[in-house]
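Below is one structure, written out as structure tokens; comments come after it.
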Amino acid sequence: MIQLYRYGKPFETDTILQKPEVRPEGTLPYFKTEKDGRSFSCPLKAETAVYGLGETVRGINKRGWLYVSNCTDEPAHTEGKHSLYAAHNFLLIADAHSFGVFFDYPGELTFDIGYTDLNMLRVSAREPADMDVYLVEGDGPEDIVRQFRGLIGRSYIAPKWAFGYGQSRWSYYTADEVREVVRRHRENHIPLDSVYLDIDYMERYKDFTVNRETFPDFPGFVQEMKKQKIHLVPIIDAGVKIENGYDVYEEGIKNGYFCKKEDGTPFVGAVWPGKAHFPDFLDARAREWFGGKYKCLLDQGIDGFWNDMNEPAIFYSEDRLNRAFAEIKKLEGRNLDVKKYNDLLGLINDLSNNPEDYASFYHVCNGKRVRHDRVHNLYGYHMTRAAGEAFEKLEPEKRILMFSRSSCIGMHRYGGVWTGDNRSWWSHLLMEIQMMPSLNMCGFLYAGADIGGFGDDATADLLLRWIAFGLFTPLMRNHATLGTREQEVYRFPEALPAFRNLIRIRYALLPYLYSEYMKAALRDGMYFKPLAFVYPDDPDAIHVQDQLMIGDELMIAPVYVQNAAGRSVYLPEPMKLVRMRSPKDFSEENLEKGHHYLPVPLDETIFFIRADRCIPLSEAGESVEEIDFGSLALLGNVQTKAVYQYYSDDGYGKDYDNPSHYATITMDREENVTAEGKMPLRLAVFAHH
Ligand code: GLC
């Protein structure tokens with residue numbers, strides 16, 4: 001059951017398309033609405049867990065920290081941070097009586113979850129809050145999430161090829177560099193489906209242009225890659241370069257599509273190309289215009305994009321930079337004592353992503369002017385919405401890959417997310433493990449982090465462990481920033497066979513992983529779940545923060561500690577441990593419920609199959625296209641009978657709900673396997689070769 005409580009006159013965020021009736025009277029149950037008119041507080045019992053908030057730092061259970069929904073270009077995701085790139089205002093408060101609550105509010109919102117007071121949850125807005133608050137009650141955490149997801153609408157569905165392995169770097173500067181990346185993967189038989197083009201493919205960082213010197217004959221190159229079963233995925237940035245003669249800039253100016261300052265002139269902020277304007281994505285006209293621009297790349301054969309810098313990130317505003325230079329001039333030639341020296345540093349450090357700048361420009365939404373900081377968290381959403389709405393018109397029959405850095409709930413209908421500029425740190429591998437179920441609760445199913453870490457230098461062991469986990473994430477992309485050690489897997493020759501095998505395991509598991517992703521998307525379910533959602537009555541399961549359930553069949557327990565020979569794993573029920581070294585080399589072991597210490601060599605990934613469940617695997621291929629989703633080998637843990645509902649479609653079109661995409665697969669104790677459904681399937685038992 002979902003109830004809507006309205007405070008004041010909320011801004012229309014377009015997050016919830018079909019709203020329930022507003023409760024005519026009364027205030028939000030479970031919470032005390034404070035007199036300041038902008039905070040809600042709720043006592044927490046010792047045993048209560050708080051889930052949700054999507055892309056945030058810290059554990060699966062969010063208790064014990066202060067989180068601020070304020071989309072931020074934050075390059076250092078340390079534990080002490082309060083905000084990352086996203087604002088996912090959904091909480092699930094879980095104990096004997098669980099409920100969910102969603103704050104539909106586009107401005108800054110603080111979630112003090114046992115930070116000020118260990119036993120108190122307090123949600124507060126910076127200003128007296130006009131907001132819609134949705135209360136979701138149901139039959140336990142999974143049901144509550146399902147209802148919430150029903151409220152916010154079906155999650156974005158990525159094309160099947162985007163479940164393959166992707167390689168990225170800032171930047172592969174030329175077509176030849178990209179060819180080399182592809183060649184090295186193919187000659188080493190490392191599966192690969194996509195290569196990402198970072199900002200340098202553009203002509204001087206201008207959106208929707210391609211540098212003709214480094215990528216001559218771009219459409220020809222896209223086709224050449226397609227022949228090798230590689231999809232090129234270019235980046236699109238929020239800021240539009242100010243340059244006479246550049247059509248995007250000129251059209252934006254002519255039609256008033258950019259965000260404006262108080263005085264009505266377009267706001268100038270700098271990003272990659274230097275000075276830029278920011279499209280007013282909250283204005284439906286500007287959205288339609290910007291979305292239409294993706295066409296030029298679609299027309300050249302591109303079928304996927306990543307939207308970036310859409311918090312929006314601002315290196316400096318023109319006005320602030322001018323003021324800083326004036327102040328710096330005053331300091332020139334003086335003896336800078338500690339205070340003056342700090343002033344100097346402050347002038348520089350305060351230039352980027354400055355809150356005052358975010359309060360200095362405006363949007364026009366449904367004919368009304370609104371100051372940016374009051375709706376800040378909607379910007380990335382509406383940029384991606386611009387693209388998504390355009391794709392619906394331009395390519396109505398085809399799935400286009402789209403994921404974004406900044407997001408809020410609502411955007412999940414138009415794209416997935418990657419979790420931004422992490423580092424090659426072991427703690428960031430754990431952070432990704434913990435973020436995934438939280439993102440799923442908030443509707444973001446197509447998600448993943450930069451495998452191997454974006455900043456800093458990766459080592460082979462980190463990358464092996466990261467891939468051993470990343471092979472389960474829907475978005476599986478290795479990405480690194482400029483200046484760091486090259487981290488394509490072939491840069492580590494000593495570990496190459498292990499990398500090849502682990503990535504091949506991803507492809508072998510794809511029939512299962514894709515099927516679970518699709519079912520989660522089509523039924524408002526979760527792909528990754530905390531153990532507590534599946535075993536709510538098991539007190540040990542509730543405390544597990546570093547294992548995840550995938551679909552209804554699997555549990556994973558990734559290793560995320562350097563030089564650990566293995567890890568402790570908690571089994572909430574007897575399960576079958578599968579150790580995989582390659583799709584052809586694996587071993588199985590039945591384990592009892594309880595705590596186990598399991599050695600996990602660097603070249604293995606482990607997973608657990610629940611009792612009376614089975615999963616379908618394929619013969620791995622070197623691209624998704626090569627995988628035969630109709631020829632399945634089943635791996636099960638069967639005492640009596642395992643029934644698996646398999647989903648498979650062409651992966652490119654949008655005929656999602658056709659019942660012929662489902663088959664019911666059964667495996668009995670003697671390992672007889674049968675299938676029912678319209679889909680022609682060849683079944684076997686997964687076996688050693
Ligand atoms: C941002 C993105 C990163 C990208 C870089 C250059 O930092 O988060 O992924 O590589 O910009 O475009």
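Numbering of ligands and ligand atoms starts at 1, following listing order. Note that these values count all heavy atoms, side chains included, but never hydrogens, waters or copies made by symmetry. Please read all numbers here as calculations on a predicted model, not as lab measurements.
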Do Lys261 and Asp319 pass the salt bridge (Lys or Arg N to Asp or Glu O under 4.0 Å) test, and can you show the C-alpha distance, the side-chain angles, and the key distance before you say yes or no?
CA-CA 11 Å; Lys261 296 197 290 189; Asp319 296 346; 3.0 Å; yes

For ligand 1, find each of its N or O atoms that sits under 3.5 Å from a protein N or O atom, and tabulate the pairs with distances to one decimal place.
{"residue": "ligand 1", "atom": "7 (O)", "partner": "Asp421", "partner atom": "OD1", "Å": "3.4"}
{"residue": "ligand 1", "atom": "7 (O)", "partner": "Asp421", "partner atom": "OD2", "Å": "2.7"}
{"residue": "ligand 1", "atom": "8 (O)", "partner": "Arg405", "partner atom": "NH1", "Å": "3.0"}
{"residue": "ligand 1", "atom": "8 (O)", "partner": "Asp421", "partner atom": "OD1", "Å": "2.5"}
{"residue": "ligand 1", "atom": "8 (O)", "partner": "Asp421", "partner atom": "OD2", "Å": "3.4"}
{"residue": "ligand 1", "atom": "9 (O)", "partner": "His479", "partner atom": "NE2", "Å": "3.0"}
{"residue": "ligand 1", "atom": "10 (O)", "partner": "Asp198", "partner atom": "OD2", "Å": "2.5"}
{"residue": "ligand 1", "atom": "10 (O)", "partner": "His479", "partner atom": "NE2", "Å": "2.9"}
{"residue": "ligand 1", "atom": "11 (O)", "partner": "Asp308", "partner atom": "OD2", "Å": "3.1"}
{"residue": "ligand 1", "atom": "12 (O)", "partner": "Asp198", "partner atom": "OD1", "Å": "2.5"}

Sequence neighbours left out, what passes side chain to side chain contact (heavy atoms under 4.5 Å, CB included) with Asn353? Give chain and number order.
Asp73, Ala313, Ile314, Tyr358

Carboxylate-amine/guanidinium contact Glu180 Arg183, below 4.0 Å
yes

Any residue meeting ring pair (Phe, Tyr, Trp, His ring centres under 6.0 Å) with His231, in chain and number order, not counting sequence neighbours
Trp161

Intermediate values then yes/no, side chain to side chain contact (heavy atoms under 4.5 Å, CB included), Trp272 and Phe315:
CA-CA 8 Å; Trp272 309 117; Phe315 295 169; 3.6 Å; yes

Residue set satisfying salt bridge (charged side-chain N to carboxylate O under 4.0 Å, His left out) with Asp308, at least two apart, ordered chain then number -> Arg405

